[in-house]
Protein chains: 2
Amino acid sequence: MGQVKQILIVDDETAIREMIAVALEMAGFECIEADNALTAHALIIDAKPDMVLLDWMMPKMSGIELARRLRSDALTADIPIIMLTARDDEDHKIHGLEAGIDDYITKPFSPRELVARLKSVLRRVTPKGIDQVVEVEGLRLDPVSHRASSQGTALDLGPTEYRLLQFFMSHQDRAYSRTQLLDMVWGGNVYVEERTVDVHIRRLRKALGDRHQYLIQTVRGTGYRFSTQTQ
Amino acid sequence: MGQVKQILIVDDETAIREMIAVALEMAGFECIEADNALTAHALIIDAKPDMVLLDWMMPKMSGIELARRLRSDALTADIPIIMLTARDDEDHKIHGLEAGIDDYITKPFSPRELVARLKSVLRRVTPKGIDQVVEVEGLRLDPVSHRASSQGTALDLGPTEYRLLQFFMSHQDRAYSRTQLLDMVWGGNVYVEERTVDVHIRRLRKALGDRHQYLIQTVRGTGYRFSTQTQ
DNA sequence: CTTCCCTGTAACATATTTGTCATATTATTG
DNA sequence: CAATAATATGACAAATATGTTACAGGGAAG
């Protein structure tokens, strides 16, 4: 299982910080807080959080300015940043993207949405070592022992299904076409019918059982996707 | 950051061209000029400017005619166009084929105004990375995971509606004719009734729900447009 | 050589999407 | 306000895409 992730919340309004902190802690994250960009900067260098939630508008140094600084320092350049913006002003977004923001959320937002986005960014950014155990909602895949299990019980997967699952679990929230899957999972130089993918998807789904089927999602007209979020 | 943008000024009056060129160069743009639509067309294909400032009334080929040609060629379809119209052409603005024109400026205009409008158009047209998440007023489309959501809840879109929405969200504030939409969203070589577009617009609107319907706007006599601004 | 497990395909079953039409609605024009 | 043109909408059948199952052949293990 992944470490507990530490999230730094930067916002000048205490009420908002608390609200976010509660939501995140309920979702199993650890939170630290800062009420201005300068404090935040010091804290980041000190505590190296796994992610920074950053309010756009703040006294002294703006969120965007802090983001730039973090990006320009190699020590902090890899820490993902999610921006909290009051209104979704086009300009802000453009500048935000330039400054290397990973995502932004427009206030007001629901705790559910916040947590979902946060997880999504973390998943995207956290580099999975090729031999790293991946676990998602009780579904666990261990590349070293070459085993997959659901709620602790081993799953019975064929070799292809195993590779498919491994690929999916290390490339979540991303839609792949059948052709892409054939390239990535089967290998570039095999000639196999596209529809064959469907069959293996079916076998994988069956093996995952009701508990985890939903993770393998059909993207109609496109292909398939692995995601914890509802379609 | 951004490259220096190159603007093509098309007007038969040298004095006006010069005036505009000076204003734009002071604002940090690079200018090229043409005194008639034919020369302009060649120049556009050759130099691929980032934007075309086009006089409505010109000898030989009119501005509107040139605009039409640019729009119908995939190579030039994305180059933004700002029309320069004399006051008494005002009607044209309303009646005329406004599909594909990004903005109008009525002569006489102040350099300040021109530059402001131009920047505004460039800002919204500037190609967002093809895989970039687009979000507008809580409506969000993520090309990577191939998902659209409204206020955090997933939207149920058919493939065509998805493509339509993606096209609109990356080409905002610009009216498209049904034919253009068929070309851009359906693909150039399909024969489909123009009216079919209406039906898919309808489906898209329905899927967007009350919260976001207003973004898909009918431009009577012309086609449709995606914009946050009220009609 | 046999047995057993995997695979890829084909065939059939379902589910969704799509393009059109006919019919309302709504805007425009005189 | 009536006449007319342009859109909106709902329904449907045809076309597509995906789900599912069965099966034959390949290959590894014994």
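Letters A, B, ... mirror the listed sequences (proteins, then strands); counts begin at 1. What you are looking at is a predicted structure, and each value in this text was computed from that prediction instead of being measured.
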message: Nearest whole Å is fine: how far is D:dT7 P from B:Q213 CD?
response: 18 Å
message: Can you tell me which nucleotide in C:dC6, C:dC21, C:dT9 comes closest to the side chain of B:V199?
response: C:dC21
Rounded distance in Å - CG (B:L204) to P (D:dT7): 17 Å
Between N or O atoms, less than 3.5 Å apart, protein on one side and nucleotides 17-19 of chain D on the other: list the pairs.
unit_1: D:dT18; atom_1: OP1; unit_2: A:R178; atom_2: NH2; d: 2.8
unit_1: D:dT18; atom_1: OP1; unit_2: A:G221; atom_2: N; d: 2.9
unit_1: D:dT18; atom_1: OP2; unit_2: A:R178; atom_2: NH2; d: 2.4
unit_1: D:dT18; atom_1: O5'; unit_2: A:R178; atom_2: NH2; d: 3.2
unit_1: D:dT18; atom_1: O4'; unit_2: A:R220; atom_2: NH2; d: 3.4
unit_1: D:dG19; atom_1: OP1; unit_2: A:R205; atom_2: NH1; d: 2.9
unit_1: D:dG19; atom_1: OP1; unit_2: A:T218; atom_2: OG1; d: 2.6
unit_1: D:dG19; atom_1: OP2; unit_2: A:Y224; atom_2: OH; d: 2.5
unit_1: D:dG19; atom_1: N7; unit_2: A:R195; atom_2: NH2; d: 2.9
unit_1: D:dG19; atom_1: O6; unit_2: A:R195; atom_2: NH2; d: 3.0

query: Between B:R17 and B:E13, does at least one N-O distance fall below 4.0 Å, as a salt bridge requires?
result: no
Protein-nucleotide distance (B:E193, atom CD; C:dA22, atom C1'), rounded to Å: 14 Å
- prompt: Under 4.0 Å between a side-chain N/O of B:T160 and OP1 or OP2 of C:dT17, yes or no?
  reply: no
message: Check B:R225 with B:D102, please: is the shortest side-chain N to carboxylate O separation under 4.0 Å?
response: no
- prompt: Salt-bridged, A:K5 to A:E25, with N to O below 4.0 Å?
  reply: no
message: Check this for me, if you would: do A:D103 and B:R140 make a salt bridge, where the nitrogen-to-carboxylate-oxygen distance has to be below 4.0 angstrom?
response: yes
message: According to ring pair (Phe, Tyr, Trp, His ring centres under 6.0 Å), does anything in residues 195-227 of chain B pair up with another residue at least two apart or in another chain? List the pairs.
response: B:W186-B:H200
A:Y191 OH to C:dT9 C1', straight-line distance once rounded to whole Å: 10 Å
field: B:R203 CZ to D:dA11 P, straight-line distance once rounded to whole Å
entry: 12 Å
query: How many Å lie between CD on A:E194 and C1' on C:dT7, as a whole number?
result: 17 Å
query: Which of these passes side-chain contact (heavy atoms from CB on, under 4.5 Å) with A:D198: A:R202, A:R195, A:E194?
result: A:R195
Between A:S227 and B:R147, a side-chain donor and acceptor under 3.5 Å: yes
statement: Rounded to whole Å, NZ of A:K206 lies from C1' of C:dC6 at a distance of 14 Å
- request: For B:R163 and C:dT18, give me the distance from atom CZ to atom C1', rounded to whole Å.
  value: 11 Å
query: Is the distance from OP1 or OP2 of C:dG8 to the nearest side-chain N or O of A:W186 less than 4.0 Å?
result: yes
